[in-house]
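See below for the structure under consideration.
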Amino acid sequence: MGTIQKNLGLKHKYMAYTTAAGALAAYPKRIPSGAVAQKELDGVGQKIGLKIQEILDTGKLKKLDQYNSDPKIVTLNLLCRVTGVGPAAARKWIDSGVKTIEDLKKEKLNHHQEIGVKYFEDFEKRIPRSEMQEIKNIVKTSISQLDQLITVKICGSYRRGSESSGDVDVLITHPKFTNEKKEQKDTFDLIKRIVDRLEKIKFLTDHLANGTQQYMGVCKIPKEGAIARRIDIKLFPKESFYTALLHFTGSGEHNRQLSCIAINKGFKLSEFSITPVGSTGVEGAPIPVQSEKEIYDILGIPFRKPSE
DNA sequence: GTCGT
DNA sequence: CGGGATGCGC
DNA sequence: ACGACGGCGCATCCCG
């Protein structure tokens, strides 16, 4: 239900379903009824409570079956699996008769969508940890040849120790790239220079978005039969690096927990900074941190490695 | 869709 | 041509 | 009853 709401453009309903599903999955006991679910679980209200009851009673959900038997919804869900295609574009094409990915290839696509179609199958395949390690070696080696001072971290589920990942999330920083001196010569166009280099060694094969702070593109280990992978490279000023590292290592659930703890203890934690928040609600200056552990220290909770 | 105001 | 709005991904 | 729900970088569209 969540995915459908998202593809319809109802992003907050999607979030509502996601939180409810998360609460349900995290609940240690069996849920005997929709009413109990609504009472016990945060994020489950009346409507989802009724749906839980229906599933308990009949084993299915009429509303969902209706959606899944609606050809327009089925096509919507298909088209939205192409990166670069969202609710607005998908709806437009469905109205003009597009039904399959093959149909989509004949339409006028922007660059991002072209790449999305080109690698449609590849992008849905998971990346084994062994391949992630190869990718990490290529990226780290190549970047350190450019400038030894650059710090490179592969985040996401890989950093949490997962056996497979959905994409490659690279975080970088440079001691001379600070909030004060974002324009300095050493770090100016740092991402562009990295991208040039990775392109030259035939690692990056296509680009989706290529800015000064953020790159999104496609990489492939340069050997026969390799699968195309989505890769993002993000540059953060060094003041933000450890909060960013924490944030982009996740998981999403872990981030929500930390954020909640932060608020309760009078702080605001984001990918950019950790700041004190006064009792009046006024936000103070960011607290400088030089490691992930220091953030845990500020929050007054024991440090846990990404893999824990 | 759910929650807080 | 340029500044703002929109779509999208994360 | 009603608004918030994360919010920002990049590509592209829109409009003056």
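Letters A, B, ... are given to chains in the order of the sequence lines, protein chains preceding strands, and every chain is numbered from 1.
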Separation between the P atoms of D:dG6 and B:dG4, rounded to whole Å: 14 Å

Between A:Glu253 and A:Arg160, does any NZ, NE, NH1 or NH2 come within less than 4.0 Å of an OD or OE carboxylate oxygen? no

Using 4.0 Å as the upper bound for N to carboxylate O, is an ion pair formed by A:Glu271 and A:Lys234? no

Under 3.5 Å: donor-acceptor pair, side chain of A:Ser162, backbone of A:Ser165: no

Any sub-3.5 Å donor-acceptor pair from A:Thr275's side-chain atoms to A:Pro286's backbone N or O? no

What's [X] touching, base or sugar-phosphate or nothing? Going by heavy atoms closer than 4.0 Å.
X: A:Ala16; answer: base
X: A:Thr212; answer: sugar-phosphate
X: A:Gln46; answer: sugar-phosphate
X: A:Glu271; answer: base
X: A:Lys92; answer: nothing
X: A:Leu10; answer: nothing

Check A:Lys118, A:His111, A:Lys220, A:His112 against A:Asp206 for a side chain to side chain donor-acceptor pair (under 3.5 Å) and give me the one that passes. A:Lys118

Using whole Å, what does the distance between atom [atom2] of nucleotide [N] and atom [atom1] of [X] come to?
X: A:Tyr14; N: D:dA4; atom1: OH; atom2: C1'; result: 18 Å
X: A:Met15; N: D:dG6; atom1: CE; atom2: C1'; result: 9 Å
X: A:Gln213; N: D:dG9; atom1: CD; atom2: P; result: 6 Å
X: A:Asp42; N: B:dC3; atom1: CG; atom2: P; result: 6 Å
X: A:Tyr215; N: D:dC8; atom1: OH; atom2: P; result: 24 Å
X: A:Leu41; N: B:dC3; atom1: CG; atom2: P; result: 10 Å
X: A:His247; N: D:dG7; atom1: NE2; atom2: P; result: 12 Å
X: A:Asn110; N: D:dC10; atom1: CG; atom2: P; result: 17 Å

Are [X] and [Y] connected in the hydrophobic side-chain network, where two residues link if heavy atoms are under 4.5 Å apart?
X: A:Leu76; Y: A:Val117; value: yes
X: A:Phe241; Y: A:Leu258; value: yes
X: A:Val74; Y: A:Val98; value: no

Nucleotide by nucleotide, nucleotides 3-10 of chain C touches protein heavy atoms under 4.0 Å in the pattern (B base, S sugar-phosphate only, - none) ----SSSS

Nearest to the [X] side chain among [options], which nucleotide is it?
X: A:Lys47; options: D:dC10, B:dT2, D:dT12; value: B:dT2
X: A:Phe272; options: D:dT12, D:dC8, B:dG1; value: D:dC8
X: A:His12; options: B:dC3, B:dT2, D:dG6; value: D:dG6

